[in-house]
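When a residue number appears, it is its place in the shown sequence, counting from 1. Keep in mind that what you see is a predicted model, and the values were worked out from it rather than measured.
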Amino acid sequence: MDSSSPIDIQERRARFLLEFENPFKCEKCGERFKRKKYLQEHKEETHSY
Ligand SMILES: [Zn+2]
């Protein structure tokens, strides 16, 4: 009857924490960052033109 396995819950929690702790997401590659500054640096280094 229980459709959610412990692994599913762990994965969901991990994903939630990842999104919660890294709210700044790169729209181009989907990578996440804790600080807006890190995201800007990533964009400049990785997606510069
Ligand atoms: Zn990116």
Side-chain angles (χ1 to χ4, degrees):
M1 297 294 264
D2 189 4
S3 59
S4 60
S5 72
I7 292 171
D8 276 346
I9 291 168
Q10 278 186 350
E11 276 185 1
R12 273 188 212 177
R13 185 178 294 169
R15 187 177 298 175
F16 174 80
L17 278 174
L18 192 75
E19 293 183 5
F20 184 77
E21 292 182 348
N22 301 272
F24 299 102
K25 186 183 177 185
C26 174
E27 316 86 44
K28 295 200 175 181
C29 69
E31 218 174 311
R32 291 183 168 275
F33 300 91
K34 286 187 180 185
R35 302 278 169 87
K36 197 172 185 179
K37 186 188 166 196
Y38 297 163
L39 173 60
Q40 285 175 340
E41 285 176 357
H42 161 82
K43 280 184 180 174
E44 287 170 11
E45 288 177 13
T46 311
H47 305 300
S48 56
Y49 298 93

Here the side-chain hydrogen bond (donor to acceptor under 3.5 Å, both in side chains) pairs for residues 15-35, sequence neighbours left out, are E27-K43
For F33, the other hydrophobic cluster members (4.5 Å side-chain criterion, sorted by chain and number) are F24, Y38, L39
Item checked: Heavy-atom neighbours of L17 CG exceed 12 at 6.0 Å -> yes
